[in-house]
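Reading through the structure tokens given below for one structure.
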Amino acid sequence: MKRLDLIFGERELTAMLESLEAVEVPGYTVMKHVTGRGPERVVSEDMEFTGLGANAHVIVFCEEIMLEKIKNKIEPLLNYYGGVAYVSEATPL
Amino acid sequence: MKRLDLIFGERELTAMLESLEAVEVPGYTVMKHVTGRGPERVVSEDMEFTGLGANAHVIVFCEEIMLEKIKNKIEPLLNYYGGVAYVSEATPL
Amino acid sequence: MKRLDLIFGERELTAMLESLEAVEVPGYTVMKHVTGRGPERVVSEDMEFTGLGANAHVIVFCEEIMLEKIKNKIEPLLNYYGGVAYVSEATPL
Amino acid sequence: MESGLILQNVLTPPVLFFFLGTIAVFVRSDLEIPAPLPKLFSLYLLLAIGFRGGLELQKSGWGYPVIPTVMCAILMSLIIPLICFGVLRIKFDVFNSAAIAAAYGSISAVTFITAESFLENQGIPFDGFMVAALALMESPAIIVGLLLVKLGAPIRKKPSNRMRWKEILHEALLNGSAYLLVGSLLIGFITAANNPSALEKMQPFTGKLFYGAECFFLLDMGIVAAQRLPRLKQAGTFLIFFAIVMPIFNALLGVLVAKALALEAGNALLFVVLCASASYLAVPAAMRMTVPEAKSSYYISTTLGLTFPFNIVIGIPLYMSLVNKMIPLTT
Amino acid sequence: MESGLILQNVLTPPVLFFFLGTIAVFVRSDLEIPAPLPKLFSLYLLLAIGFRGGLELQKSGWGYPVIPTVMCAILMSLIIPLICFGVLRIKFDVFNSAAIAAAYGSISAVTFITAESFLENQGIPFDGFMVAALALMESPAIIVGLLLVKLGAPIRKKPSNRMRWKEILHEALLNGSAYLLVGSLLIGFITAANNPSALEKMQPFTGKLFYGAECFFLLDMGIVAAQRLPRLKQAGTFLIFFAIVMPIFNALLGVLVAKALALEAGNALLFVVLCASASYLAVPAAMRMTVPEAKSSYYISTTLGLTFPFNIVIGIPLYMSLVNKMIPLTT
Amino acid sequence: MESGLILQNVLTPPVLFFFLGTIAVFVRSDLEIPAPLPKLFSLYLLLAIGFRGGLELQKSGWGYPVIPTVMCAILMSLIIPLICFGVLRIKFDVFNSAAIAAAYGSISAVTFITAESFLENQGIPFDGFMVAALALMESPAIIVGLLLVKLGAPIRKKPSNRMRWKEILHEALLNGSAYLLVGSLLIGFITAANNPSALEKMQPFTGKLFYGAECFFLLDMGIVAAQRLPRLKQAGTFLIFFAIVMPIFNALLGVLVAKALALEAGNALLFVVLCASASYLAVPAAMRMTVPEAKSSYYISTTLGLTFPFNIVIGIPLYMSLVNKMIPLTT
Ligand SMILES: Nc1ncnc2c1ncn2[C@@H]1O[C@H](COP(=O)(O)O)[C@@H](O)[C@H]1O
Ligand SMILES: Nc1ncnc2c1ncn2[C@@H]1O[C@H](COP(=O)(O)O)[C@@H](O)[C@H]1O
Ligand SMILES: Nc1ncnc2c1ncn2[C@@H]1O[C@H](COP(=O)(O)O)[C@@H](O)[C@H]1O
Ligand code: NA
Ligand code: NA
Ligand code: NA
């Protein structure tokens, strides 16, 4: 099994989850109110109230073969709005 | 060293942490207010106020030999209430 | 690529992020309001209001060669105030 | 006449803010009240309802209608889940039937306070002791629900198949919302008896602020309820019907009991609303812990997505006109 | 005369709490108002401003200055971004120019309420219908901003290069803050018409609490504004000048229009403040979604880090003395 | 007589809500006030205490008892940690002794306001300038504590073994709670001098709401305090005794000083409560940063788990009867 970590703007969360559902991931976990810095911008907690939102961190545990499908679906979103996606190994306990 | 990621309902957090303490894990980290979707149910932020709670994400860094003990302890909880557990490699910096 | 997980007291967050910036990490992600137990102390959510703060969980995706520099920078902080740092493999999606 | 009452009800700020929240979801506005702010309002309302109920109870004393009314309320919270269970078993297994039945036996504090605001708006008096009924109807339904599971499904598939009674009573009596409500009621009662000057100092917080905070919370409830609606479709037509027809049936039962108790119109409406409303706070939390076999989306979508809005918008004025027909206003 | 007004303005609690927040950042105090508490105050203020505006509007009716004033306000929110865009194009590309221009065409609700507090403090009357102008100036500037992008940069580098009009209108009209403000305005309006007793019950929440909550929120705004300042340096001298000079220019425009409309001094100041203030709520959120090519730190640092504090502290009394010079107080 | 006072104190809403929170933990109710809601109430209380203190100070002026009282208060916050340190060294190392000593030299704002509520309830007058003493007692104890570490343990094992004075003064003077309290005090003072009409507009927020918010916060403090209790056992009998006996001793010291200052009964009680209370806000945060060698569970469990509840429930009436014995009520 693989673990996919997605970090991107909270305002794109709905679109991102819809993409994940579209490729029928077995499940996902969402952490909101995440902040950080990437090559493009600084996301800080104190700006949350403005509606700009913080980042969301989404974790997906899934089979390796699913990754390609996910990639195709979410790459446009990540390219347009920014965000990162990393894959690691994971085995069920 | 191994990294164990546990994701399950916040209401089972106390029971889960007691199980972890019972097998004497060296430590753990807890993130609450986590949402997500699994094979069984959708957990959304807006239901937190009802007392249903969101999910908790617990990370344990520990030796490989400890995993078996943890598994035996927490499997009944995960089976009964739902939730996922995944293991990855991790080395101290 | 490597994934670095840092967990430590929220009050050291500014110092920690300054250290990371000093070695020019490509980016980082911060989750605050994290609780847990380590060998030294229990960090619980209900003490957040006292100004003691909870833990912060920082994730850095970076090249392996950068890890050594990070280690040198942050080790004093982790030794003085406590906290853990673990490294895993990660590949961009 | 009902339509007049419904319109009058709809044009009050609490109901209008509820609609504002609902519409926000339908037009896909990104209006959002992030956690834990709804919890803040929920805790505040429970504390304030309890405290005010306690002091009213102290004022009104234990005279005639109090004890029998409270006892009948408890009785209703035992009988209603049994009826609901019977109806639900037509379509659902024991676990789901029992969980949904428990929710409908229990109460919704926000429906109750919207009914109070409705009465105030209509200038119809009511008594503070009804809050005691509210507080005491939360727990019994939970116990009935779990009893039904025990009797109806003696061998449970899930590993830990013995019912831990201690845990169940614990969930029923000591869940956060029931505990805070009853506790604040006691504190209000004690304070009114010993410390009337403190009541005055509490008044701006528990009294004056209440209506506005109710509006704010109903804005959030509107959002939450509307978000539950799509999941209701999955639950099927039977449950959708159940979520509208059952409250009306329970309301009819309630009116009969209220008439038998010779309650005045205001108290009668509150009694009926307690019967007709369903819990989305204490019961779902308790069911999730003790009957994980039941699908939580069933009991939450119905109570929160349909029964709650129905009661808030149409139910309360409907029940009022029912009460008016059955119980002549004494002047 | 201005310096006297500035001092009087600075010595009011809202501005003092704003300074307290700013200084906290400069002396590196760890004072912090954690998320989502600022959101709570922000939602509360929008709800209360809207509700109060709605009921004032109901009271004042649609008599002379209302309709033309509101229409001129909308006009200003269309013209100002065009002027700003022209100025900004000297230094910035189309994307950044359009995004910043949109922010300056739109409004800041907190600047508006600080101006209201200033007027109350000075004993100068003003009308509730100005809130309608506030509510209706939020969206048009967003649409102008996006139109400018469309016209100025027909081929966008990013993949999804067609402008989705539905999405843009959606962001402009239905973003959380505009939606809540307009919705509460309508609710206030409807309530005042149908249900005057409910107004009284809302008053402690939307009325009495307002000033204190405003102070609390300005404490946070002081922190947030001061934290934006270092990033302003990156934005360069041009933008720093722009963030001070443009509001003054817009204010001058506003005064002329206010004079032409024959607004009284209080309403004139509010009109001017609407022109001079820049959005840090609706517009940045909309721009982030629809023009991700623009650097968000540009439009946020300028509006929040410089224009907002300038308006709060110096701008309002400055504009007041401008208004006083142009529009003689009628007694 | 004490037992009568204790009962009167226990039957006030703030103390009853404190008990409600404590009992919730003992009966394992899942009642919970999630972060950051306690922070909201904590910030609000500091802001309101400060603001009200500032305006009272403006009213009362700098006449006789003000300056000497405030100076004696500061003196107490320097002497008490020295005494505590001496006692604690019997059992603990320099680091832990200094950290705990600093906590007991500093103050607890919530204990202070509970004492104010107690006085109001008893109809005993007191002066606003005592808030100035409260505000100025927070920081000195921190400095004494760190001085004790420096003198008592010149070679520290941890890497960064030089004491950074700048950092320490920073923590002592600019930690969030001290900063907000002093800042709000100044704002209250300035506002009362320049802008009396603004005071009235702040009153619903800082004044009327206060008592209810205090109750809500004490509900949370009850939960937090009870959760600290099990960890107290680990701390050992010595520390448990210390957490009860030391406040009483400090209170006795305080009564003597209050008598010497010829304070009236109300002010005397507040002075005594400042001496007897221990910090769980500013000091633990500062110690965690500057003396990480000390076990934070020691200073937090004692101040929050034992000294705070003791003072709230028994201490205040006990000190009152002490004051009554020593200082005859002037009528
Ligand atoms: N190298 C990295 N390591 C960890 N998180 C990152 C990294 N780069 C970006 N991020 C996260 O991804 C978010 C969006 O990045 P971006 O839009 O590319 O600036 C940032 O705010 C960070 O939270
Ligand atoms: N495949 C998955 N990847 C990531 N998180 C998951 C996955 N499956 C389940 N989860 C998380 O585990 C929680 C409980 O799952 P369950 O009870 O099995 O529905 C969900 O709410 C998700 O947060
Ligand atoms: N073995 C572990 N696994 C996961 N998290 C840990 C572990 N050890 C420590 N932590 C986290 O690191 C924080 C600081 O640890 P410490 O200061 O060493 O007690 C703890 O509060 C935990 O959140
Ligand atoms: Na019911
Ligand atoms: Na403008
Ligand atoms: Na003290």
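Residue numbers start from 1 in every chain, and the chains themselves are labelled A, B, ... in the order their sequence lines are given, proteins ahead of strands. As the structure is a prediction and not an experimental result, all values here were calculated from the model.
- Looking at E:Pro14, there are no atoms closer than 4.5 Å to chain F (heavy atoms on both sides), in backbone or side chain.
- For residues 26-34 of chain E, a heavy-atom distance under 4.5 Å to chain F picks out E:Val27, E:Arg28, E:Ser29, E:Asp30, E:Leu31, E:Glu32, E:Ile33, E:Pro34, given by residue number.
- Each of F:Pro36, F:Gly183, F:Ser197, F:Ala178 has some count of heavy-atom pairs under 4.5 Å with chain E, and the biggest count is that of F:Pro36.
- Across all their heavy atoms, F:Met202 and E:Gly212 have their closest contact at SD-CA, 4.0 Å.
- Residues E:Leu37 and F:Leu40 meet the side-chain proximity criterion, which asks for heavy atoms closer than 4.5 Å.
- No other option in F:Thr191, F:Leu209, F:Ile187 has as many heavy-atom pairs under 4.5 Å with chain E as F:Ile187.
- Listed here is the closest heavy atom pair of E:Ala24 and F:Tyr179: N-OH, 2.9 Å.
- Residues of residues 213-226 of chain E that come closer than 4.5 Å to chain F, counting heavy atoms only, are E:Ala213, E:Cys215, E:Phe216, E:Leu219, ordered by residue number.
- Both the backbone and the side chain of F:Asn175 come within contact range of chain E, judged by heavy atoms closer than 4.5 Å.
- Contacts with chain F were tallied for E:Leu16, E:Ile23, E:Thr12; E:Leu16 has the most, counting heavy-atom pairs under 4.5 Å.
- Both the backbone and the side chain of E:Phe17 come within contact range of chain F, with heavy atoms under 4.5 Å apart.
- Counting heavy-atom pairs closer than 4.5 Å to chain E, the top residue among F:Ser184, F:Ser177, F:Ala35 is F:Ser184.
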